[in-house]
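Step one of this worksheet: look at the structure below.
These numbers come from the heavy atoms of this one structure, side chains and all, not from hydrogens, waters or symmetry mates.
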Amino acid sequence: MTHEHQGRARGWSAARKGVWSRLRFTSLRLRLVVVFGLVALTAAVSASGIAYWLNRESVLTRTQDAVLRDFEREMQNRAGALPQHPTQDELQRAAGQMANSSQRFTVLLVATDPDGRTVYGSSGGLNGFSLQDVPVSLRDAVTERQKITSTNKYPHHMYWLRTVDEDTPYLVAGTRVIGGGPTGYMLKSLEPEAKDLNSLAWSLGIATALALIGSALLAHAAATTVLKPVQRLGVAARRLGEGKLDTRLRVSGTDELADLSHTFNKAAEALEKRVADMAARDEASRRFVADMSHELRTPLTAITAVTEVLEEELEFEGGGIDPMIEPAVRLVVSETRRLNDLVENLMEVTRFDAGTARLVLDDVDVADQITACIDARAWLDAVDLDAERGIHARIDPRRLDVILANLIGNALKHGGSPVRVAVREDPGEDGEGAGDGGTVVIEVRDHGPGIPEEVLPHVFDRFYKASASRPRSEGSGLGLSIALENAHIHGGEITAANSPEGGAVFTLRLPRDVSARSSEESTGDAGDEGAEGDA
């Protein structure tokens, strides 16, 4: 994949993640929109419900009162003018006159004629209004005679109720003429009022939906206004975490977010100053160690030359070394060697810390390189080598020798012989076991007591002592840390563990072609903003 395609893929992935971060429920933006929407929906539904209920009662009550007043007046004027026992024609004519009132309701009159028969007079319409269309409860209430008291002067009253027939609301009322006469029933359709109320309900529903949409837009705008400084703060915090300590926020306004931005800038400024001071002290410390190591090399060279002469005298039979001072001379020789190793290790550590360590790559046979390391230090009798010739790798031979010398020497010193060194190939991700792909794995195992569990995490630390009661040891305390740094500069790794069969196992993993790996990493780093290539 080319850099352009990689950039486009990363851009598309970032955009997709950005959209998803804005849409996921844990997003503060979405939660603000949802909360605003719920509040607006609750308020709009409550207001619409109250408005609908109030308007409904107002419309129905007004229409109902007007119809009942008109019906009562017509009963008094038209039905009250009829004889006590009217004929069929008289009832029919009176019902028609009553129905022609301003309210246009349907009327049914019931009476007994002079012959004692029950006669009906209906104004017609609505498929005929008959006594069966009047609810039984209303008929019983109208015909029931009430007891006359001081508070109730009339034996009969007007009664009414609202009913629904085939989704159409109706108002039904009934009463009797005072003093004797026909009984009248009225039927009035409330469909116009129902349509008006339905239109009102639709209007309120649309207003509620518009209020919900408006609240969502308002919440989104408010969230954008509020969260934009927070997003800028998050971006600045990420840049600060990436090491860009010169990151600052533009402060505008005097609100709490402006105070937060100002506090962030002060914290970033203090952090930048602190890191700069620490870097300066660290650089001064490294420079001091480097200068001290260089300054020690000149007198140490002279001391080493003298100790070599003394050592030759010790080895010469019948030499001029007094037997009384021979132990002191041997101590001086050994300590001078130790001091020389310490100075060399300090200089090597300084180069790693300063980032000036470089690889000098060459094609080597790993088995030959291990054999040369063991032979140069006279460890052939104490080390068992399990390595086939022909495993080649492009690495730095000198640094590999340093790694092996430290690992094998540490195993011989603390684990005891025999030390077993095994070499094997680990295929790469493409399954190749030869050529440029894959990894070389070198295991160094001893047969000692192993490494205590509490020590394992610290075996590669500089100057780490496993026992505080034994601060002095033959080594410098830097060998394993230098070995690890040399592995890292190759792009490899060293791990320490205890073998189930006993003893400690150090595993070194190195890429078979360090130059190819470095080229790939440099290419990949070039495509990442702000990345730095490895030395």
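Contact detail for Val505 and Ser499: the closest heavy-atom pair is CG2-CB, 3.6 Å. The two residues Ala483 and Ile403 come nearest to each other via the heavy atoms O-CG1, 3.7 Å. Closest heavy-atom contact between Leu109 and Gly184: CD2-CA, 3.7 Å. Closest non-hydrogen pair, Gly121 versus Ala95, comes out as O-CB, 3.5 Å. Between Pro114 and Pro86, the closest heavy-atom pair is CD-O, 4.1 Å. Pairing each heavy atom of Pro182 with each of Leu82, the nearest pair is CG-CD1, 4.1 Å.
The distance from the OG1 atom of Thr208 to the CD1 atom of Ile206 is 10.0 Å, given to the nearest 0.5 Å. Annotation: the span from Arg424 atom CZ to Glu443 atom CD amounts to 5.0 Å, rounded to 0.5 Å. Between atom CE of residue Met158 and atom CD of residue Glu72 there is a gap of 4.5 Å, rounded to the nearest 0.5 Å. Within the model, atoms CD1 of Ile489 and CD1 of Ile395 stand 13.0 Å from one another, a figure rounded to the nearest 0.5 Å. Taken from OG1 in Thr507 to CD1 in Ile494, the straight-line distance is 9.5 Å, to the nearest 0.5 Å. Considering CZ of Phe264 and CG of Leu249, their distance stands at 5.0 Å, rounded to 0.5 Å.
Every residue two or more places apart in sequence or in another chain that forms a ring-ring contact (aromatic ring centres under 6.0 Å, His included) with His458 is listed here: Tyr464. In this structure Thr247 satisfies the side-chain contact (heavy atoms from CB on, under 4.5 Å) test together with Ala236, Arg239, Lys244, sequence neighbours excluded. In this structure Arg248 satisfies the side-chain contact (heavy atoms from CB on, under 4.5 Å) test together with Asn265, Ala268, Glu269, Glu272, sequence neighbours excluded.
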Q. Going through the checks in order, is the side-chain contact (heavy atoms from CB on, under 4.5 Å) test met by Val110 and Val119?
A. CA-CA 6 Å; Val110 182; Val119 292; over 6 Å; no
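Under a cut-off of 6.0 angstrom, the local environment of CZ in Arg162 is crowded, with over 12 non-hydrogen atoms contributed by other residues, nucleotides or ligands. Enclosure of atom NE2 in His157 by more than 12 non-hydrogen atoms of other residues, nucleotides or ligands within 6.0 angstrom is indicated.
Between the side chain of Asp70 and the main chain of Val67, no donor-acceptor pair closer than 3.5 Å is present. Within the 3.5 Å criterion, the main-chain N or O of Thr168 finds no donor-acceptor partner in the side chain of Asp165. Of the possible donor and acceptor atoms, none in the side chain of His490 sits under 3.5 Å from a partner among the backbone N and O of Leu510. At least one donor-acceptor pair closer than 3.5 Å links the side chain of Gln88 to the backbone N or O of Tyr120. Ser481 places no side-chain N or O within 3.5 Å of a backbone atom of Phe460 that could act as its donor or acceptor partner. In this structure, the side chain of Glu493 does not engage the main chain of His488 through any donor-acceptor pair within 3.5 Å. Asp115 places no side-chain N or O within donor-acceptor distance of the main-chain N or O of Arg117, the cut-off being under 3.5 Å. In this structure, the side chain of Asn498 engages the main chain of Ile451 through a donor-acceptor pair within 3.5 Å. Distance alone, capped at 3.5 Å, is enough to place a donor-acceptor pair between the Glu90 side chain and the Thr87 backbone. Side-chain atoms of Arg139 come within 3.5 Å of backbone atoms of Val134 as a donor-acceptor pair (strictly under, hydrogens ignored).
Between Leu240 and Leu245, the closest side-chain pair of non-hydrogen atoms falls below 4.5 Å. Between Val440 and Pro511 the shortest side-chain heavy-atom distance does not fall below 4.5 Å. The side-chain heavy atoms of Pro83 and His85, taken from C-beta on, include no pair separated by under 4.5 Å. Using a 4.5 Å heavy-atom threshold, the side chains of Thr63 and Leu190 count as touching. Residues Gln64 and Trp160 meet the side-chain proximity criterion, which asks for heavy atoms closer than 4.5 Å. Tyr185 has its side chain out of reach of Thr106: every pair of non-hydrogen atoms, C-beta onward, lies at least 4.5 Å apart. For the pair Val107 and Phe105, the minimum side-chain heavy-atom distance is below 4.5 Å. Side chains of Val441 and Leu508 form no contact here, defined as non-hydrogen atoms less than 4.5 Å apart.
Between the side chains of Arg509 and Thr439, no donor-acceptor pair is found at a separation under 3.5 Å.
A salt bridge is defined here as a Lys NZ or Arg NE, NH1 or NH2 lying under 4.0 Å from an Asp or Glu carboxylate O, and Asp277 with Lys273 meets this definition.
Each of Leu171, Val172, Thr175 was compared with Met186 under the side chain to side chain contact (heavy atoms under 4.5 Å, CB included) criterion, and only Leu171 meets it.
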